[in-house]
Amino acid sequence: TFAHYKTGQTAKLLLKFCDKVGAHTKDDLTIDTYLRLIDDKLNHTTTHKKAIVYKNEPTLELSFDDNIKKVGVALSAGNKIKELGDKEWKKLFAILDEYECEIHVFGVHFEERILERLMDGLELKNARIVSHLGELHLDLLPLAISKMSLFIASDTAGVYIADSLNIPTIVYAGPCHMKEQRPLGEKVLIVESNAPCAPFSFIFNAPYHKKCEGLYDT
């Protein structure tokens, strides 16, 4: 077991009876803390994530096999304070529209209203939106993301799937402390926030309701 920066008095008392106690701070990479529980010699440089391997690879109903550049995006996050918001997504869509590409939108069905807001008044000339909202089962998600040329999102599950598949990834840190948790691949660009309030979301202390102006201002 290990002690971290939010360990309460009861937990600290119980830790006295443990054979092994490891310390974790907000500046420690969480995966390293977990790996040390297994073996003190393990860390993220010696142990690498492996992409999901299908025993029998399923077939995607939609075609991902043409030569058009594909950019995957995830519009929302489980923790809403991590989300980029409409203004920033519209900026990104406008930038992507400078290139001939497909913007593949991954997520669940209720995010359709987010996509509708983004497309309101936004005219794309070169890029094309391909929505998979509510269409892909979870087991198909890694296979679909593996077809992308680039993946863009805030700190969500999709960026970690893309990272494990060695897909070039842009992750917007927003409120998150990237020293503690981040994609670790060689093809990852982390865009950290310059807002005075950031970072304020940590692994063992993650607020779900907090106002913070300018998190994604560019």
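It should be emphasised that the depicted structure is a prediction, and the values quoted were computed from it without experimental measurement.
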| said: Once ring pair (Phe, Tyr, Trp, His ring centres under 6.0 Å) is applied, do any residues pair with Phe106, and if so which ones, sequence neighbours excluded? | reply: His132

| His177 side, atom NE2; Thr30 side, atom OG1 - distance, nearest 0.5 Å | 9.5 Å

| query | If you group Ile, Leu, Val, Met, Phe, Trp and Tyr by side-chain heavy-atom gaps below 4.5 Å, do Ile190 and Met148 land in one group? | reply | yes

| said: I need the Glu57 CD to Leu143 CG distance, nearest 0.5 Å. | reply: 5.0 Å

| said: Please find the pair of heavy atoms, one from Gly174 and one from Tyr216, that lie closest to each other, and give the distance. | reply: CA-OH, 3.3 Å

| message | I'd like to check Ile152 versus Trp89 (side-chain heavy atoms, cut-off strictly below 4.5 Å). Are they in contact? | response | yes

| request: Kindly state each residue pair satisfying salt bridge (charged side-chain N to carboxylate O under 4.0 Å, His left out) with at least one member in residues 26-40, sequence neighbours excluded. | output: Lys20-Asp40

| More than 12 non-hydrogen atoms from neighbouring residues, nucleotides or ligands closer than 6.0 Å to CD on Glu98, yes or no? | yes

| request: Taking all heavy atoms of His44 and all of Leu184, pick out the closest pair and write down the distance. | output: CB-CD1, 3.7 Å

| Just by distance, do the side chain of Ser149 and the backbone of Val71 share a donor-acceptor pair under 3.5 Å? | no

| said: Apply side chain to side chain contact (heavy atoms under 4.5 Å, CB included) to residues Thr46 and Leu35 and explain how you reach the verdict. | reply: CA-CA 10 Å; Thr46 59; Leu35 287 170; 5.8 Å; no

Can you give the donor-acceptor pairs under 3.5 Å from side chains of residues 192-208 to other protein atoms, not counting sequence neighbours?
from, atom 1, to, atom 2, distance (Å)
Ser193, OG, Ala195, N, 3.1
Ser193, OG, Leu215, O, 2.8

| task | Only counting residues at least two apart or in another chain, list the ones meeting side-chain hydrogen bond (donor to acceptor under 3.5 Å, both in side chains) with His4. | result | none

| query | Are more than 12 heavy atoms from other residues, nucleotides or ligands located less than 6.0 Å from atom OH of Tyr54? | reply | yes

| Residues two or more places apart in sequence or in another chain: which of them pass salt bridge (Lys or Arg N to Asp or Glu O under 4.0 Å) with Lys80? | Glu83

| query | Any chance CG of Leu13 has more than 12 other-residue heavy atoms, nucleotides or ligands included, within less than 6.0 Å? | reply | yes

| task | Sorted by first residue and then second, give each salt bridge (charged side-chain N to carboxylate O under 4.0 Å, His left out) pair with at least one member in residues 155-178; sequence neighbours left out. | result | Lys49-Asp163, Lys82-Asp155

| message | Do Leu37 and Leu42 sit in one hydrophobic cluster, given that two such residues count as connected whenever their side-chain heavy atoms are within less than 4.5 Å of each other, even indirectly? | response | no

| Who pairs with Tyr160 by ring pair (Phe, Tyr, Trp, His ring centres under 6.0 Å), at least two apart in sequence or on another chain? | none

| request: Mind checking the SG-CD1 spacing from Cys212 to Ile81? Nearest 0.5 Å is all I need. | output: 8.5 Å

| Taking all non-hydrogen atoms of both residues, which atom of Cys18 and which atom of Val21 are closest, and how far apart? | CB-CG2, 4.0 Å

| said: Hydrophobic clustering (ILVMFWY, side-chain heavy atoms < 4.5 Å, transitive) - are Ile95 and Val73 grouped together? | reply: no

| Partner set under side chain to side chain contact (heavy atoms under 4.5 Å, CB included) for Ala74, not counting sequence neighbours | Phe151, Ala153, Thr156

| remark: In short, Leu60 meets Ala144 closest at the heavy-atom pair CD1-CA, 4.1 Å

| Pairwise distance CZ(Arg128) to CD(Glu102) - rounded to 0.5 angstrom | 4.5 Å

| Between Asn126 (side chain) and Tyr99 (backbone), is there a donor-acceptor pair under 3.5 Å? | no

| note | Output for pair (Met178 CE, Leu29 CG), nearest 0.5 Å, gives 10.5 Å

| field | Nearest atoms (heavy-atom pairs only) where Ser154 meets Leu84 | value | CB-CD1, 3.6 Å

| request: Name all residues meeting the salt bridge (Lys or Arg N to Asp or Glu O under 4.0 Å) criterion together with Asp139; count only those two or more places apart in sequence or in a different chain, and write none if there are none. | output: none

| query | Does Lys87 have any salt bridge (Lys or Arg N to Asp or Glu O under 4.0 Å) partners at least two apart in sequence or in another chain, and if so, which? | reply | Asp217

List, one per line, each side-chain donor-acceptor pair under 3.5 Å for residues 108-124, sequence neighbours excluded.
from, atom 1, to, atom 2, distance (Å)
Glu111, OE1, Ser76, OG, 3.1
Glu111, OE2, Ser76, OG, 3.1
Glu111, OE2, Val108, N, 3.1
Arg113, NH1, Phe110, O, 3.2
Arg117, NE, Asp86, OD2, 2.7
Arg117, NH2, Asp86, OD1, 3.2

| Considering residues at least two apart in sequence or located in another chain, which fulfil the side-chain hydrogen bond (donor to acceptor under 3.5 Å, both in side chains) criterion with Thr45? | Asn43

| Shortest non-hydrogen contact from Ser146 toward Ile167 | O-CD1, 3.8 Å

| query | From Thr7 OG1 over to His24 NE2, what is the distance, rounded to the nearest 0.5 angstrom? | reply | 10.0 Å

| said: Within the structure provided, determine whether Ile145 and His104 are in side-chain contact (heavy-atom separation under 4.5 Å). | reply: no

